Amino acid sequence: MDSSTPEMPQVFDLQSTPDPRISSLIAQFSHQYGGQPSYVSRAPGRVNLIGEHIDYMGYGVLPMAIEQDVMIAARKNDSLIIKITNVDQKYKPYECSANVDSSFIDSSAPQWYHYFLCGYLGILEVLQQRGGLQAANFGIDIMVCGKVPPSAGLSSSSALVCSSALITYQLLSQISLTKAEMAQICCDCERYIGTQGGGMDQAISFLAEKGYAKGIDFDPIRACDVILPKGYEFVISHCLAEINKAATSDFNQRVVECRLACQCMAKQLGLQWKGLRKLGDLQVQLKKTLKEMLDLVDELIHSNPYSKKEILELLEADEEQLMTTSLSSNTSHLTHFKLYQRAKHVFSEAWRVEEFKRLSCTPEVDANRLGELMNESHVSTRDIYECSHPDLDMLTDLCRKNGAIGSRLTGAGWGGCAVSMVPQDFVNSFMQTISTEFYTTERLKGKDIDQVFFKTTPASGACVYKC
Ligand code: ADP
Ligand code: NG1
Ligand code: MG
C-alpha cells in the first residue's frame, strides 16, 4: 500500500508512535495466536451533526469522526482459515474458510463477525476483479478491539467494517486504493449485512481529519472541511436504548418508503421510474430546488399511507417487479408505506444541511440559528420520519432545557445517542445537570458514564500501524 499521498490511508510505524491501547491489543493477540500481528488497523466511529436518513437518497451530510474507534490486529497464516477473535468476551470467537462469499453472510441473523466478513469480502472482491486473484491462498488471524458504543448511532458497525477492509487491504497489499475508494467499497460491502445505508459512516471513517467536521457528498464520495463555530462544544449523550439496525426491518423500511416515494412521483410525471432509486436523482432530473421538491410532494403524494395494492396500480407493476425495483428481502412483507412523510423529511433535512453549511462559513456565524436547525432536524426525525425513541426525546428536551442551543438524535435512531451544541461557558454545568438528572444508577445499570456521555471534537480518519 502506498501511503505517500494524502489520498491514501496512512501507515504509521508503531515504533515511532507508541500507544498503550495498541500495545495491550498486541499482547492479547500474541497470547491468543502465539506470535505478533503484522499490522493493526484503526477506523473511527462518527457523530452526525445534521443530515439524518438522507445519505441513501443521495443528499449530503455533516458528520465528524469521534475519538472512539475499532482496532484490528492481524497477520496472515497458512491454514486457509480466518480466525476471528475479540478482546471483549461477549463477542465469541469464530472461524471460517478464507474462501467465503457474500452468500455466507446471513442477513436474517446478523452476527458480530459478519461485519468483519463484510469488510474482508469487500477487498477480496476488488482483488478478484482488479488484481486477478482467483481464490484465497492464505488464512488470517484476527483480533478485534472496539471502543465505539455499539448499536447507539455512533457507527460502531461501519468502524468495524472499515477497520476490517483496511487490515485486509494492508495484509494482501496488491493494489493501491484511495481513501474515497475504500469508503465506497465499504459502503457497498456493509450492505451484505442487510441494511441499505448510504455511505456517510464509511466516508467519514476514511476521510476524516483531526479538527474538522466534514460536508460529505455522494456519487462519487467526497468531503470538504466545515468550520464549526468557536465557543461551542459538541456533547454526545446515549439514551441507553440500543438497537441493532440489521436485526430489524425499520431501517430498510425507511429506505424503501423513500425509494417508492421517488418512483411514484417519477411515474406520475411520465419519467422512467424503474431505474430511479434516490430522491436526489429525481431532483436532478427535474432541475428543481429543494423547496420546489417539497411543493411537488404536496401535489403528487397523499398523506395517508399507501397500500401495496395502490402502489402496484400507480406504478402499473406486479409484485415480482416491485421486489426487484424497490423492495428488500426484509421489507417484502410490508403492506403499507408512508411516502408523504418520508419524502417531506428527506427534502427538508437536505435543505437544513445546506443551510447549516452555508451559515457556518459566514464570518459572523449565527450559532443560535445552527442550534435551531439541529432542533428542527430532531422534530422531523421524531414526528415524520418516526425513527426516534421516547428516552431520546426526553434526553434531547433535557439537554435543551439545560443550556444546549441545539440537540438532536444522531445516526439511525430508534434509540442510541443525541448530539448537543452547548456554549463553552455553560458546558460544565450542563454536564453536571445531565449527569445527575438523566444518568441515574438505575438507568446506567453498571455502565461507565464516561462511555455514554462525553464531549467530542473532530478526530482523524482510519489508518494502519506497522508492528
Ligand atoms: P451502530 O449505530 O453502532 O452502527 P449497528 O446496529 O449498525 O449500530 O451495528 C451494531 C453491531 O455492530 C453490533 O450488534 C455488533 O454486531 C457490531 N459491533 C459493534 N461494535 C463491535 C465490537 N466492538 N466488537 C464486535 N462487534 C461489534
Ligand atoms: P448507524 O446508526 O451508524 O447504523 C445508519 C446508516 C447511515 C445513515 C444513518 C442515518 C449504515 C452503515 N449506516 O447509521 O448510512 O443512513 O443511519 O442518517 O447503514
Ligand atoms: Mg451502523
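Bear in mind the structure is a predicted one, so any value in this text is a computation, not a measurement. Just follow the structure's listing: the first ligand is 1, and inside any ligand the first atom is 1.
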Considering the heavy atoms of [X], write down every atom of ligand 1 situated less than 4.0 Å from one of them.
{"X": "I243", "value": "6 (O)"}
{"X": "Y115", "value": "9 (O), 11 (C), 12 (O), 16 (O), 17 (C)"}
{"X": "G153", "value": "2 (O)"}

Is there a heavy atom in [X] that sits closer than 4.0 Å to ligand 1?
{"X": "N86", "answer": "yes"}
{"X": "G416", "answer": "no"}
{"X": "D88", "answer": "no"}

Check your understanding: Below 4.0 angstrom, N of the basic side chain to O of the carboxylate: do R352 and E355 qualify?
Key ->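 Result for this pair is no, no salt bridge flagged.
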Check your understanding: Is any N or O atom of S157, backbone or side chain, closer than 3.5 Å to an N or O atom of ligand 1?
Key ->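 Yes - when backbone and side-chain N and O of S157 are compared with those of ligand 1, one distance drops under 3.5 Å.
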Practice item. Examine N244 against ligand 1 and note whether any of their N/O atoms are separated by less than 3.5 Å. Key: yes
Practice item. Check whether the ring centres of Y192 and H114 lie less than 6.0 Å apart, and answer yes or no. Key: no
Check your understanding: Taking the six-membered ring for Trp, are the ring centroids of Y91 and F116 within less than 6.0 Å of each other?
Key -> no
Revision key, fill the gap. Atom 2 (O) of ligand 1: closest protein heavy atom, distance to 0.1 Å, is K245 NZ, 2.7 Å
Practice item. Quick one: look up the protein heavy atom nearest atom 21 (C) of ligand 1 and list residue, atom name and how far away it is. Key: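 The answer is Y91 OH, 3.7 Å.
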Exercise for review: Under 2.8 Å from the Mg ion (ligand 3), how many protein N/O/S atoms do you get? Just the number, please.
Suggested key: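 Those protein atoms number 1 in total.
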Practice item. Check each of C145, S155, S156 against atom 3 (O) of ligand 1 and report the one with the nearest heavy atom. Key: S156
Point to revise | ligand 2: protein residues within heavy-atom distance under 4.0 Å | key: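 Contacts of ligand 2 under 4.0 Å: R46, E52, H53, D55, Y56, G153, S155, S158, E190, G197, G198, G199, M200, D201, Q202, K245, F251, G411, A412.
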